[in-house]
Undergrad: 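Structure in structure tokens, see below.
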Amino acid sequence: MAVGESRRGAQSRRTFLKGIGAIALGTQGLLAAPALAKGAGDYRSIHLINKRTDEWLKTVYWVEGDYVPEALTAIDHIMRDWRAEKIRRIDAKTLDIIAATHTLLETSEPFQVISGYRSPETNAMLRRRSRNVARKSYHMRGMAVDLTLKTRRIRDISRAARSLDAGGVGTYSRAEFVHLDSGPKRTWGR
């Protein structure tokens, strides 16, 4: 019997996909099986590597209208404040913006996360070093990510994100990353 076929006692497609949310593969990465979701209905996936820790994640995090708790937990870990080893739930809308931007860029390469969640202490330290760090940064609320791709120009990532017409998009060409957040719609940088 194929996954998703209904029969008394058979596992539903949604239950099956939720069950594969995130599978640990050693200390270097986490993987979910998005290939199993193909043809299984509406789903969203995300592919990330944390540039600071070398940890990576490829997972289906949303299936047929429901977020997958195990996948969200794995995403929170990858996007944690690695300096303070603190974790916060990453806002689901932020994940949707990341995933949609990735889709528009038509690449299988993972986004490199430069900064995800930041504790207030880490944000204050970074703010002392740079005037570009906001006092009330959305990073501290789990609503922002700074990222890049090796094979795409910063302005192309920024253009794709801006086309979504959702949240904040900051372009940092000199530092070679794009800031995405799920706050109010706004853009800055070049």
Undergrad: Can you name the closest pair of heavy atoms from A84 and T122 and give their distance?
TA: CB-OG1, 4.1 Å
Undergrad: Please confirm whether the backbone N or O of S108 pairs with a side-chain atom of H47, one donor and one acceptor, at under 3.5 Å?
TA: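 Checking the backbone N and O of S108 against the side chain of H47, a donor-acceptor pair under 3.5 Å is found.
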Undergrad: If the threshold is 4.0 Å, N to carboxylate O, is there a salt bridge linking K93 and D96?
TA: no
Undergrad: Can you tell whether the side chains of D91 and R141 come within less than 4.0 Å, N to carboxylate O?
TA: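 Salt bridge absent between D91 and R141.
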Undergrad: At their closest point, which heavy atom of A166 faces which heavy atom of I97, and how far apart are they?
TA: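 Heavy atoms of A166 and I97 come nearest at O-CD1, 3.9 Å.
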Undergrad: Please go through Y172's hydrophobic cluster and name the other residues, only I, L, V, M, F, W, Y counting, with side-chain heavy atoms under 4.5 Å joining them.
TA: I114, F177, W188
Undergrad: For A99 and Y61, which heavy atoms make the closest approach, and how far apart are they?
TA: CB-OH, 3.4 Å
Undergrad: Check I46, I49, I98 against F111 for a side chain to side chain contact (heavy atoms under 4.5 Å, CB included) and give me the one that passes.
TA: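 Considering I46, I49, I98, a side chain to side chain contact (heavy atoms under 4.5 Å, CB included) with F111 is found only for I98.
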Undergrad: So, taking the atom named CG in D42 and the one named CG in D66, what distance separates them when rounded to the nearest 0.5 Å?
TA: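 Answer for the CG-CG pair, D42 versus D66, is 11.0 Å.
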Undergrad: Is it possible for you to say whether V133 and Y117 belong to one hydrophobic cluster, with membership spreading through side-chain heavy-atom contacts below 4.5 Å?
TA: no
Undergrad: Answer yes or no: does atom CZ of R162 have more than 12 heavy-atom neighbours from other residues, nucleotides or ligands under 6.0 Å?
TA: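 More than 12 heavy atoms, drawn from other residues, nucleotides or ligands, come within 6.0 Å of this atom.
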Undergrad: Does R129 have more than 12 heavy atoms from other residues, nucleotides or ligands lying within 6.0 Å of its CZ?
TA: no
Undergrad: What I want to check is whether the side chains of D146 and H139 have a donor and an acceptor closer together than 3.5 Å.
TA: yes
Undergrad: For I87 versus H77, what's the shortest heavy-atom pair and its separation?
TA: CD1-ND1, 4.0 Å
Undergrad: Is the CZ atom of R155 crowded by more than 12 outside heavy atoms at less than 6.0 Å?
TA: no
Undergrad: Does the N123 side chain pair with the main chain of A134, one donor and one acceptor, at a distance under 3.5 Å?
TA: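 Checking the backbone N and O of A134 against the side chain of N123, a donor-acceptor pair under 3.5 Å is found.
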Undergrad: Do you know which two heavy atoms are closest between I90 and D76, and how far apart they sit?
TA: N-OD1, 2.9 Å
Undergrad: Quick one: does R83's side chain get under 4.5 Å of L126's, heavy atoms only?
TA: yes
Undergrad: Is any side-chain heavy atom of M79 closer than 4.5 Å to one of N50?
TA: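 When only atoms from C-beta onward are counted, M79 and N50 do not touch, as no gap falls below 4.5 Å.
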Undergrad: Between T94 (side chain only) and M143 (backbone N and O only), is there a donor and an acceptor less than 3.5 Å apart?
TA: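 A pair under 3.5 Å: yes.
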Undergrad: With distance as the sole test, does E109 use its side chain to make a donor-acceptor pair with the main-chain N or O of T151 at under 3.5 Å?
TA: yes
Undergrad: What's the spacing between S158 OG and L180 CG if we round to 0.5 Å?
TA: 8.5 Å
Undergrad: Starting at CG of L104, measure out to CD1 of I157 and round the result to the nearest 0.5 Å.
TA: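 These two atoms lie 12.0 Å from each other.
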Undergrad: Would you say the side chain of R44 lies within less than 4.5 Å of the side chain of V68, judging by non-hydrogen atoms?
TA: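 Heavy-atom side-chain distance check fails, nothing below 4.5 Å.
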Undergrad: Can you tell me how far CZ of R118 sits from CE of M125, rounded to the nearest 0.5 angstrom?
TA: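 Between atom CE of M125 and atom CZ of R118 there are 9.0 Å.
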Undergrad: Is there a side-chain contact (heavy atoms from CB on, under 4.5 Å) between T73 and R89? Walk through the geometry before answering.
TA: CA-CA 8 Å; T73 298; R89 175 65 52 176; 3.8 Å; yes
Undergrad: Does E85 have any salt bridge (charged side-chain N to carboxylate O under 4.0 Å, His left out) partners at least two apart in sequence or in another chain, and if so, which?
TA: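 Counting only residues at least two positions away or on another chain, E85 forms a salt bridge (charged side-chain N to carboxylate O under 4.0 Å, His left out) with R80.
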Undergrad: Would you sort out whether V178 and T101 count as a side-chain contact (heavy atoms from CB on, under 4.5 Å), showing the intermediate values?
TA: CA-CA 11 Å; V178 174; T101 300; over 6 Å; no
Undergrad: In Å and rounded to the nearest 0.5 Å, what is the CG to CG distance from L72 to L95?
TA: 6.5 Å
Undergrad: Under the 3.5 angstrom rule, does the side chain of S173 hit a backbone N or O of R190 as a donor-acceptor pair?
TA: yes
Undergrad: For the residue pair S119 and K86, what are the closest heavy atoms and their distance?
TA: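 Closest pair (atom of S119, atom of K86, distance): CB-CD, 3.9 Å.
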Undergrad: Any non-hydrogen side-chain atom of L147 less than 4.5 Å from a side-chain atom of H179?
TA: no
Undergrad: Look at R52 together with D81 and state whether they make a salt bridge at an N to O cut-off of under 4.0 Å.
TA: no
